[in-house]
Structures are given as C-alpha cells and as structure tokens.
Amino acid sequence: MSLLEVSALSISYPGSAPVLERLSFAVEKGQSLGLVGESGSGKTQTALAIMGLLPANAKASGKVVFDCSELLGEPEEMLNRYRTRRMGMVFQDPMSALNPYVRIGDQLNRISIEHKLVSDDEAYDRSLEMLRLVGLPDVERQFRSYPHQLSGGMRQRVMIAAALIGEPDLLIADEPTTALDVTVQAQILGLLRELKDKLNTALLLITHDMGVVAGNCEHMLVLKDGKLIEKGMTRQIFAEPAYAYTRSMLAAARRSDLLPQSRERPVNEQTSALEIQGIAVSYAVPGERRSRRKLGAVRELSMTIAPGETVALVGESGSGKTSLARAIVGLLPVQNGSMTLLGKPLGGTVETRPNALRRDLQMVFQDPAGSLNPAMRVDDIITEPLTVHDPDKLKSNREELVTAMLQRVGLDALLARRFPHELSGGQAQRVAIARALVLSPKILICDEAVAALDGSVRQDILKLLRAEQERSGLSLLFITHDLATVRQISHRVVVMYLGRLCELADTKSLFASPKHPYTKALLDAVPVADPGVGIIVTSELGETPSMLQPPSGCVFHPRCPYSVSRCSEELPVLHHFDNNSAACHRAAELDL
Amino acid sequence: MNASLGLLQVMKEIRRSRSIMVSGGILVFVAALAVIGPFVSPHSYLTTDFDGRFIGPTLSNFHLFGTDDLGRDLFVRSLLGGRITLLVAIVASIVSLVIGVAYGAVAGYVGGRIDAVMMRAVDALYALPFIFLVILLMVVFERNFLLIFVAIGAINWLDMARIVRGQTISLKQREFIDAAKIIGVPAWRIIFRHITPNLLGVVVVYVTLTIPQAVLVESFLSFLGLGIQEPQTSLGALVNGGVSQMEQAPYLLLIPALLLAAILLCFNFLGDGLRDVLDPRQESA
C-alpha cells in the first residue's frame with residue numbers, strides 16, 4: 001500500500017478551463033517524487049488538494065488517499081489530524097508563509113501545542129531541537145527573532161523545521177528554492193536531502209527546474225496544462241524522454257547547462273558605448289534617516305560596454321546589480337565616479353538629463369505586468385516614447401508604426417488595442433521591449449527581464465533580444481541571477497558581490513576557468529540537469545553578510561574557502577589575466 | 001481586481017452587483033423625475049392657493065404629496081428641491097474632484113518639501129471651523145447658489161487631496177512610472193497620463209461617498225436658513241419648513257425627509273458597490 005495515492009484527481013474553477021485533469025500517481029514511504037511543470041501546469045493545485053487547502057470555489061473530484069484514508073473533501077478537523085503529524089508542507093515564499101508579527105520560536109511552539117505533539121513544557125525544547133536540526137546557527141538567539149530579521153535562506157530553514165516538527169511521513173515542498181539565490185538554493189536542497197534520509201520522510205518536490213529534480217528525486221512526473229505527460233524513474237526519463245514536451249524541457253535545461261553558446265565579442269575595442277568609472281551608489285539606511293550612515297549598494301565599480309556587445313551582470317540578491325542599473329539610467333543618484341555614454345558625460349538623475357541622452361539608454365524591467373501602465377492600451381504604450389521625443393513622426397503614420405513595432409517583437413497587430421492585463425507574461429514583456437526599442441536606443445538594460453518567464457517563453461525572448469542586437473548593433477547590459485541565461489546571451493560577464501566587482505571575464509573563460517572563488521561557488525551551486533552526474537557537494541558557504549556591515553578587506557572573505565589573513569585586511573585590486581580579471585589576492589595562485 | 005481591469009469587465013462586474021444596479025436605478029429615476037416632473041404637473045412651485053392649504057396627499061387635483069401652509073403643491077416643490085439637492089451634490093463633487101485630484105497628485109508625485117508645504121496647507125484649512133466660515137461668507141456676500149457650491153466643494157476637496165496623495169505615493173513606486181521616467185516623459189505628463197488614470201477606481205468610489213456629505217451640508221445650511229432661499233427650495237429647506245408644521249401636517253416633514261434619506265442611502269450603497277468592484281484593497285470575497 002502506497003503512502004499517498006492520488007487517483008483521477010481533477011480540479012476546476014467556475015468559469016475557466018480545468019486546471020488539473022484526471023491526475024493519478026502514488027508516493028511510497030521514504031520515496032522522493034519530483035513534480036515538474038511550467039507555471040499554470042497545475043502542480044501547486046495538486047499540492048493544495050493533497051493538503052486540503054484548495055480555495056472554497058475550487059471543484060475537485062477524484063481520490064486522494066493517504067495511508068488508506070480518503071482526504072479529499074473531508075472536514076477540517078479530520079484533515080488537521082493528518083497535517084503536521086503525517087504531512088508537512090513548505091511553501092515557495094517563506095516570508096509570506098511565516099507570520100511576520102510572531103517570533104519564530106513561538107510559531108514553532110504553537111504548532112507543537114496545537115497538534116499536541118508534546119506537552120506544553122516540552123514545546124520549547126522541541127522547537128529548539130528542530131531549529132538545530134535544520135542548521136540554524138545560534139539557535140537560542142534566533143528563537144526570539146522575527147521572520148524579517150532572518151535572511152531568505154534562514155527563513156526557509158525555519159519553514160522546513162515547522163513542516164517537519166510533527167515528524168510527518170510526507171513532506172510536500174512547493175518550489176522551496178525558487179525565491180532563493182543559487183548558493184542558498186544548493187544549501188536548502190542539501191538540507192532537504194539530508195533530512196529526508198535521516199527521518200525517512202517521503203518527499204514530494206514541486207519545481208519548474210529540471211536541474212533540481214535531477215539531483216533530488218528518484219521518480220518524477222511531468223505536468224503540462226493540467227495533464228500528466230510522463231511519469232517514471234528520473235534517470236530513465238532524462239535518458240529517454242518519451243514525449244516531445246519533456247524532450248523540449250530537457251533540451252532547454254541542458255542547452256543552458258551543457259552547451260554554452262559562447263559568443264564572439266564584436267571587435268570594436270576602440271570605442272565604448274558605455275563607460276563606467278569607479279561609481280558608487282548608496283542609500284540612507286532605512287529607519288535611520290538622521291544618522292549619516294549609508295548603505296553602499298555599489299562601491300567603486302568600473303566597467304565598459306562596447307557597441308553591439310552583451311554584458312551580463314551577475315550576482316545574488318543584495319549584490320547591488322539592480323542599484324547599478326538604476327544608477328546608469330538615472331533613477332538613482334551616483335555619489336562618486338563618472339559615466340559616459342558614447343563619449344558624452346552621463347550625470348545627474350533622469351529628470352535632469354537632456355532628451356538626446358535619455359533616448360539612447362532604455363531599460364526593460366523584471367515584472368512585465370508591473371512595468372506597463374495598467375490604464376493604457378498597448379498601442380499607446382508603444383508610441384508614448386515617440387509622443388515625447390518625436391511627435392511629428394508619430395502624427396503621419398501612427399498605425400503603420402504600431403503594426404511594424406508589434407511585428408518586430410513577434411506580436412500580432414490585433415493586440416494593439418488590448419490592455420496589459422489582457423496579455424500573457426511573455427506578450428507583456430514583448431510590449432515592454434517594443435516600447436524600449438521604438439526610440440532605437442544604443443544601450444538596452446534588461447533588469448532580470450526573463451526571470452519571471454517560463455522556460456520556453458524565456459528562450460523566445462532571449463532569441464528576440466539577440467535578433468534585435470544583430471539587426472541594430474544595440475549594446476545590452478543583461479542583469480540576471482541565472483547563469484544559464486548568461487551563457488546563452490552574453491559576450492562578457494561581470495560578477496558582483498556585496499556591491500563590488502568580483503570578476504570580469506569573457507563568457508567562455510568564466511565558465512571554463514573562473515578566477516574568483518565566488519564565481520566558482522556560484523557555478524558549482526547551479527543544479528545540473530543530469531541525474532547521472534550525481535550530487536556535487538558544494539562547500540558550505542554560510543550566509544551572505546549584511547550590506548550594512550560589509551566585511552573588511554575582501555568582502556567575500558568570511559565565506560571564502562581559500563581566504564588567508566591578508567583577505568580580511570586588504571581590499572583586493574583587480575588582477576588581469578588573458579580573458580579574465582578578478583578582484584582576489586590569490587587569483588594568480590589558485591587553481592579553481 | 002482593480003482599476004487595471006478593462007472597462008468592459010468593470011461594466012460586467014457592475015451589472016452583476018445588485019447594490020449598484022438598484023441604487024443607481026433609483027437615483028436615475030429620481031433625477032429624471034426631478035428634471036421632468038415639474039413640467040408635467042399642472043401645478044407650479046410658486047402658485048399659492050389659500051383655499052387649498054394643508055391638503056393631505058391625494059390623487060384629486062393631482063396633489064400627489066399634498067399642499068403646504070401656503071397651498072403650494074408639495075410634489076412639485078419636492079422635485080424642485082431634489083433637483084437643487086442633486087445639483088449641489090454633483091457640482092460640489094466636481095469641484096472637490098478637480099481640485100483634490102490635481103492637488104493631491106502633484107503633492108504626492110513631487111514629494112519632498114513641496115509635498116510637506118502643500119499638505120500642511122491642507123491641515124491648516126482643516127483646522128478652520130467650516131460652518132463658521134460658511135456663515136461668515138453668507139453674511140458678507142449675498143446668499144446665492146454659487147457660493148454654496150463653492151463652499152461645499154471647498155471642504156470636500158481636502159479629504160480628496162489627502163486620499164489622492166496617499167495613492168499617488170504608492171503608485172509612484174510602481175515600475176511603470178520608472179519606465180516612463182526613463183523614456184523621458186515629463187513630470188506633468190506622468191501625473192496626468194500615468195498616475196491620474198490609475199487613481200480612477202479610488203476616486204470614483206470616494207466621490208460617490210462625498211456626494212451624501214455635500215447633500216447633508218447643503219441640507220444643514222438650508223435648515224439653518226443659510227442655504228437656498230424661498231421661493232426656490234431644496235430638500236433640506238423643505239424639511240426645515242416641514243418641522244414647523246409637524247403637528248398639523250406631518251407629511252410636509254415626512255415626504256421630503258424620506259426623499260432625502262432615499263437619495264443619501266442610494267449614494268452610499270452606490271459608493272460601497274463601486275468600491276467592491278474598483279478598489280482592490282477592500283476585496284470582500
């Protein structure tokens with residue numbers, strides 16, 4: 001008898017197509033099962049149905065049998081006997097899954113007390129024990145902290161502790177690492193693997209990332225549009241995917257993993273489209289406006305972008321990459337240093353810059369829906385830059401212009417009168433790109449422009465950007481935390497950590513022979529979409545230090561496995577090699 | 001969802017909302033009656049008839065609501081009063097809408113010191129005892145229509161400005177505003193093309209909720225004898241007149257009072273209904 005048996009599970013909401021159709025699968029005791037699919041494939045709905053958390057207007061049919069008892073449609077009291085004690089769940093976003101007003105220790109205590117796992121007196125010890133188990137440092141102190149005082153990775157550890165506190169037989173993890181940085185993702189996945197073996201818990205891991213499944217699940221299911229496409233052993237599916245959809249998902253994951261499409265750098269070394277010299281960007285510390293303390297988001301950073309070149313800016317959250325982008329376009333003031341755009345000085349904020357400079361520098365944002373005015377139609381959005389910069393051109397042939405722009409970004413001209421909320425994520429991002437391109441800028445900054453999109457849509461957008469670059473010799477500054485994307489699009493890569501530049505290298509040599517230990521750590525942390533490779537145990541890096549108190553010397557030294565005493569005392573300068581430059585004291589001697 | 005919904009979808013939601021349809025329907029009916037009614041009735045609001053004073057509501061001679069102490073037809077006078085009351089409400093709301101939205105959006109968008117100065121000015125105006133101000137105005141200038149509109153609009157825009165400013169500050173942080181700045185859209189255009197349309201949901205809701213306030217203030221002024229002057233009338237003035245005849249002819253008080261209450265309730269329901277449809281933060285499902 002399986003631990004969990006789901007049979008013919010269908011879920012639908014009134015007034016829309018079913019989100020899940022006749023899904024059947026089973027999870028055995030101690031097994032790990034990966035549930036893979038793109039957004040909208042119904043994978044989260046499945047998890048919610050199992051836990052009995054579907055919203056009231058959802059219609060579910062079929063069977064969810066847990067250890068011989070039917071759970072679907074049962075009343076709350078009945079389900080509560082299974083939650084925590086038999087099944088635990090970890091959500092994608094630990095910040096919204098934890099109560100922001102309650103100390104984390106008390107949140108754990110409440111679970112034990114509510115479910116009568118231990119007596120009230122023992123709850124404290126039990127919570128401490130769980131926090132220790134998930135590797136929270138300095139447990140007694142953290143016990144009394146609030147969720148916002150912890151980092152994302154630590155919060156997710158707390159969530160895991162909460163899910164495992166009743167020693168359940170099944171742990172459901174819904175995209176547990178999607179909101180986390182890669183180095184932290186590696187740690188959390190490692191923790192899940194370790195705890196699963198230690199406690200002999202079955203794991204239902206929901207993810208969109210083939211790499212995550214490959215390293216963590218023996219069995220897997222592939223979902224598409226609410227239908228089961230494929231199920232079986234992970235190894236087997238990776239070796240011989242039976243269906244085209246699985247093949248394309250795997251190919252997309254592998255293409256980025258195994259086949260770097262390193263691109264030749266355009267040979268035009270004399271001129272630079274954008275030159276940045278030692279700039280610094282800082283904020284007043286939130287809540288301490290009166291004190292002089294500043295948070296240095298970007299510190300002494302220099303780089304150049306050649307015409308027609310793509311430079312990827314890589315770093316984890318808090319590395320200052322978005323602050324840098326916002327400073328370049330003038331949304332944030334620059335405290336120090338200088339920037340030049342095509343030889344002309346680029347200073348001040350966007351409000352004070354001349355129009356001619358503004359039109360050469362455009363930006364595409366991460367959230368396509370948020371960057372389009374919800375009250376404007378697509379054609380108005382696309383033509384707005386022209387109404388500001390070139391109203392005459394617009395007057396004569398507005399309609400043809402809109403059609404041409406929509407075609408250029410691969411959209412149907414029929415979409416012109418739509419509102420942004422009537423577009424899909426990919427379509428909205430194309431509109432945002434069209435708006436940025438309508439002025440024929442020289443430089444386009446893409447701030448995580450594909451991070452919110454699904455695999456295949458992401459590929460299309462990257463293709464579009466490359467095509468645009470070949471067509472018009474546009475320079476791209478591509479900001480991302482996703483190394484797979486970097487390989488596909490960039491000529492050169494800039495790696496940032498805590499506001500400083502770590503390494504600057506040609507894409508190929510960065511992946512082949514990183515010179516900075518942080519780059520190496522980043523590369524190792526990316527899950528490989530190949531179950532044969534097995535798990536690369538990455539060095540325990542620990543947590544990213546606070547930007548408010550950056551470490552002395554090399555900012556990476558507290559987490560660096562190669563650090564020596566000099567690293568904590570002296571700020572490293574950039575050492576130049578053939579195709580790399582790295583800000584590391586030991587760059588020359590280390591073989592990474 | 002919210003203001004980002006397409007117009008069609010909003011219309012569909014509105015049609016589905018019973019409170020909007022019922023209260024809106026009643027308001028349209030009352031407004032239509034107030035405009036057309038006086039022309040249809042055989043009586044004029046001015047004609048006095050000393051033989052026909054205090055006739056109770058009756059079908060004979062078409063005195064549907066009866067007559068008052070001067071023998072004037074209450075039906076016609078109520079409709080006329082309703083007309084004035086609705087007019088005051090609408091004009092005052094438009095005044096508060098235009099001033100409040102422009103003022104609040106500018107203060108919120110520009111921010112910093114200018115915002116601080118503008119909002120302190122609003123605070124200072126709040127501190128003035130309003131009724132006293134109106135009474136003063138009425139005494140100094142001739143009592144007239146226009147003054148009432150201006151006076152009522154002048155208090156309502158303060159609330160509107162505060163609400164709009166708050167909304168603007170949160171809208172300002174959205175990415176599409178950054179995108180507009182990068183494109184080079186000038187500040188005035190950002191305010192009117194990007195900020196204001198997205199305030200629509202909140203503003204529409206708030207306007208329907210300030211209308212009853214304006215109606216009440218007008219009624220209050222008329223009740224004090226500071227508002228509309230005889231022989232013109234408003235519902236507030238009619239209620240005021242009705243109070244003195246309460247013992248002899250209670251319908252003189254009851255009918256205008258009920259009409260006033262109905263209008264106020266309808267606007268309140270309309271506002272609540274619109275808020276459910278347009279304002280994302282008050283989601284009730």
Side-chain angles (χ1 to χ4, degrees), chain A residues 55-57 322 325-326 328-332 349-377 380-390 417-422 428 431-432 435-436 438-439 441 443-445 447-448, chain B residues 1-13 16 101 105-106 109-114 116 164 167-168 170-204 277-281 283-285:
Chain A
N57 62 343
T322 294
R326 293 175 70 85
I328 294 172
V329 293
L331 290 173
L332 280 178
T349 54
V350 70
E351 283 92 350
T352 61
R353 288 180 184 171
N355 261 345
L357 277 182
R358 285 199 283 222
R359 66 182 297 172
D360 282 340
L361 194 55
Q362 289 299 314
M363 183 154 164
V364 177
F365 294 85
Q366 169 168 2
D367 174 17
S371 65
L372 302 178
N373 184 342
M376 279 168 85
R377 292 177 193 273
D380 295 326
I381 292 171
I382 294 179
T383 52
E384 182 165 45
L386 287 175
T387 54
V388 175
H389 291 274
D390 203 350
R417 295 303 288 162
R418 294 257 185 106
F419 282 104
H421 73 270
E422 298 169 314
V431 170
R435 171 179 59 186
V438 75
L439 290 173
I443 294 185
L444 183 64
I445 297 176
D447 186 3
E448 300 274 14
Chain B
M1 274 243 321
N2 53 47
S4 67
L5 287 176
L7 200 63
L8 277 179
Q9 226 161 329
V10 169
M11 293 308 285
K12 213 194 284 170
E13 292 269 321
R16 215 181 295 153
V101 170
V106 168
Y109 183 75
V110 175
R113 205 160 289 168
I114 292 177
V164 165
Q167 286 289 313
T168 304
S170 74
L171 272 177
K172 185 165 84 161
Q173 286 148 10
R174 299 269 298 272
E175 271 184 349
F176 67 85
I177 300 296
D178 284 340
K181 281 187 195 166
I182 293 169
I183 287 165
V185 181
W188 62 266
R189 198 181 146 89
I190 291 182
I191 291 176
F192 289 106
R193 194 86 174 94
H194 293 271
I195 302 259
T196 320
N198 286 297
L199 294 170
L200 199 71
V202 185
V203 167
V204 164
V277 173
L278 295 171
D279 192 345
R281 291 163 311 147
E283 230 165 299
S284 49

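Below, chain A is the first sequence line, B the second, and so on; all start at residue 1.
The shortest distance between side-chain heavy atoms of A:Pro374 and B:Arg174 falls below 4.5 Å. Side-chain atoms of B:Lys181 and A:Arg358, non-hydrogen and from C-beta on, never get closer than 4.5 Å to each other. Within the 4.5 Å cutoff, the side chain of B:Asp178 has no heavy atoms near those of the A:Met363 side chain.
A:Asp367 touches chain B through backbone and side chain together, each having a heavy atom under 4.5 Å away. A:Arg353 does not touch chain B: none of its heavy atoms, backbone or side chain, sits under 4.5 Å away. If you measure heavy-atom distances from A:Arg435 to chain B, the contacts under 4.5 Å come from the side chain alone. If you measure heavy-atom distances from A:Leu361 to chain B, the contacts under 4.5 Å come from the backbone alone. Heavy atoms closer than 4.5 Å to chain B are found in the side chain of A:Thr387, but not in its backbone.
Taking every heavy atom of both residues into account, B:Gly184 and A:Asn355 meet most closely at O-OD1, 4.3 Å. Heavy atoms only, all atoms of each residue included: A:Ala375 and B:Pro197 are closest at CB-CB, 3.7 Å.
Looking at A:His389, its side chain does come within 3.5 Å of a backbone N or O of B:Ile183 through a donor-acceptor pair.
Per-residue counts of heavy-atom pairs under 4.5 Å with chain B were compared for A:Leu439, A:Val350, A:Leu331, A:Val329; the largest is that of A:Leu331. Ranked by heavy-atom pairs shorter than 4.5 Å toward chain B, the options A:Pro441, A:Pro385, A:Pro420 are led by A:Pro385. Per-residue heavy-atom pair counts under 4.5 Å with chain B were compared for A:Gly370, A:Ala436, A:Ala369, and the maximum is reached by A:Gly370.
Residue A:Arg359 holds its CZ atom at 15.5 Å from CD1 of B:Ile182, rounded to the nearest 0.5 Å. Rounded to the nearest 0.5 angstrom, B:Arg193 CZ and A:Asp380 CG are separated by 5.0 Å.
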Next on the checklist: Working note: A:Asn373 + B:Phe176, criterion side chain to side chain contact (heavy atoms under 4.5 Å, CB included); need CA distance, chi angles, decisive distance, verdict.
Outcome noted: CA-CA 6 Å; A:Asn373 184 342; B:Phe176 67 85; 3.8 Å; yes

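Between A:Glu384 and B:Arg189, at least one side-chain N (NZ, or NE/NH1/NH2) sits under 4.0 Å from a carboxylate O, which counts as a salt bridge.
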